[in-house]
Amino acid sequence: PVSAVVNQEYRIALILPFASKGRRKNLSEVMLDYAAGFKMGLKKLEAEGLKCKLYVFDNDKDSAYIDVILKHPDMPKMDLIVGPIYDEDVAKTNAFCAKFGITLVNPLRYFDNKNSNHTMINFFPSDAQQMKAVAKKLVMKYPKHVFYVAKDITVGSENLAKSAREELKLANVT
């Protein structure tokens with residue numbers, strides 16, 4: 001239970017592209033579903049005693065939106081920021097959170113936080129980590145099989161193939 005939490009109200013900002021103007025309609029639906037699930041989780045925690053004030057911001061891919069959101073007078077007082085999802089916006093929000101000591105949760109993709117020393121939580125592992133996990137599971141499931149790693153000519157593909165080959169070598173598969 002949350003009863004051990006200090007008796008204070010936590011301020012949480014949720015920054016997602018709900019309207020997704022001019023983009024795929026499905027993205028808006030996914031973001032609305034994510035927000036609904038997030039709110040349900042908060043309600044469950046509140047029922048156990050956690051006090052939260054949720055601020056919801058609609059963010060689009062245009063970087064001007066995140067600048068306006070980060071200038072909101074309550075943003076420096078947040079305890080937690082969840083989102084945004086676009087790389088440039090995550091980088092700006094990451095710098096903002098580092099400046100004000102706010103924990104940032106990157107909800108939908110991996111962001112490399114090596115340039116900051118503040119707390120950032122990536123909800124999803126990097127593609128390389130995912131590739132290693134897939135290779136490991138394949139070896140466990142099919143220990144007598146021979147695996148070939150295919151790639152295209154892009155750097156990203158080479159890096160993922162390298163991750164898979166490294167994991168296969170660790171499992172003594174050649």
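Counting from 1, the numbers follow the sequence of the chain as shown.
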Check your understanding: Could you state the interatomic distance from CD (Glu166) to NZ (Lys136), rounded to the nearest 0.5 Å?
Key -> 14.0 Å
Point to revise | Criterion side chain to side chain contact (heavy atoms under 4.5 Å, CB included) on Asp74 and Tyr55, from CA distance to verdict | key: CA-CA 9 Å; Asp74 290 327; Tyr55 298 73; 3.3 Å; yes
Check your understanding: Backbone N or O of Asp89 within a donor-acceptor pair of the Thr93 side chain at under 3.5 Å?
Key -> yes
Review point. Should we say atom OH of Tyr142 is surrounded by more than 12 heavy atoms from elsewhere, each under 6.0 Å from it?
Key: no
Review point. Given the rule that I, L, V, M, F, W and Y join up when any side-chain heavy atoms are under 4.5 Å apart, are Val68 and Leu16 in one cluster?
Key: no
Check your understanding: Should Val139 and Leu168 count as side-chain neighbours, where that means a heavy-atom distance under 4.5 Å?
Key -> yes
Revision key, fill the gap. For Pro76 and Ile102 the tightest heavy-atom approach is O-CD1, 4.0 Å
Review point. How far apart are the closest heavy atoms of Pro143 and Met140, and which atoms are they?
Key: CD-O, 3.7 Å
Point to revise | Pro107 versus Val105, closest heavy-atom pair with distance | key: CD-O, 3.2 Å
Review point. Quick one: OH on Tyr10 to NZ on Lys51, what's the gap to the nearest 0.5 Å?
Key: 11.0 Å
Practice item. Using modelled atom types only, decide if a donor and an acceptor are shared between the side chain of Arg11 and the backbone of Lys77 within a distance under 3.5 Å. Key: yes
Study note, to complete from the structure: Rounding to 0.5 Å, atoms CE (Met31) and CG (Asn59) come to a distance of 10.5 Å
**Study point:** Check: Pro84 and Ile66 side chains under 4.5 Å, non-hydrogen atoms
**Key:** yes
Practice item. Locate the shortest heavy-atom distance separating Cys97 from Leu104; write the atom from each residue and the value. Key: SG-CB, 3.9 Å
Practice item. Please assess Glu158 against Lys151 for the test salt bridge (Lys or Arg N to Asp or Glu O under 4.0 Å), listing each intermediate value before the final yes or no. Key: CA-CA 6 Å; Glu158 175 59 40; Lys151 64 176 185 67; 3.1 Å; yes
Check your understanding: What distance separates Lys43 NZ from Glu48 CD, expressed to the nearest 0.5 Å?
Key -> 15.0 Å
Practice item. Would you please test Met75 and Phe57 for side chain to side chain contact (heavy atoms under 4.5 Å, CB included) and show each step? Key: CA-CA 11 Å; Met75 288 303 283; Phe57 296 94; 3.6 Å; yes
Review point. Rounded to the nearest 0.5 Å, how far does CG of Leu70 lie from CZ of Phe96?
Key: 5.5 Å
Practice item. Answer yes or no: is there a side-chain heavy-atom contact under 4.5 Å between Cys52 and Glu46? Key: yes
Point to revise | Pair Asp67-Lys92, salt bridge (Lys or Arg N to Asp or Glu O under 4.0 Å): steps then yes or no | key: CA-CA 8 Å; Asp67 293 336; Lys92 286 182 178 183; 3.1 Å; yes
Point to revise | pair Leu42-Ile12: side-chain heavy atoms closer than 4.5 Å | key: yes
Exercise for review: Could you check if a side-chain atom of Val82 sits within less than 4.5 angstrom of a side-chain atom of Ile15, using non-hydrogen atoms only?
Suggested key: no
Review point. When rounded to the nearest 0.5 angstrom, what is the spacing between CG in Asp87 and CG in Asn94?
Key: 11.5 Å
Practice item. Quick one: closest heavy-atom pair of Phe18 and Asp58, and the distance? Key: N-OD1, 2.9 Å
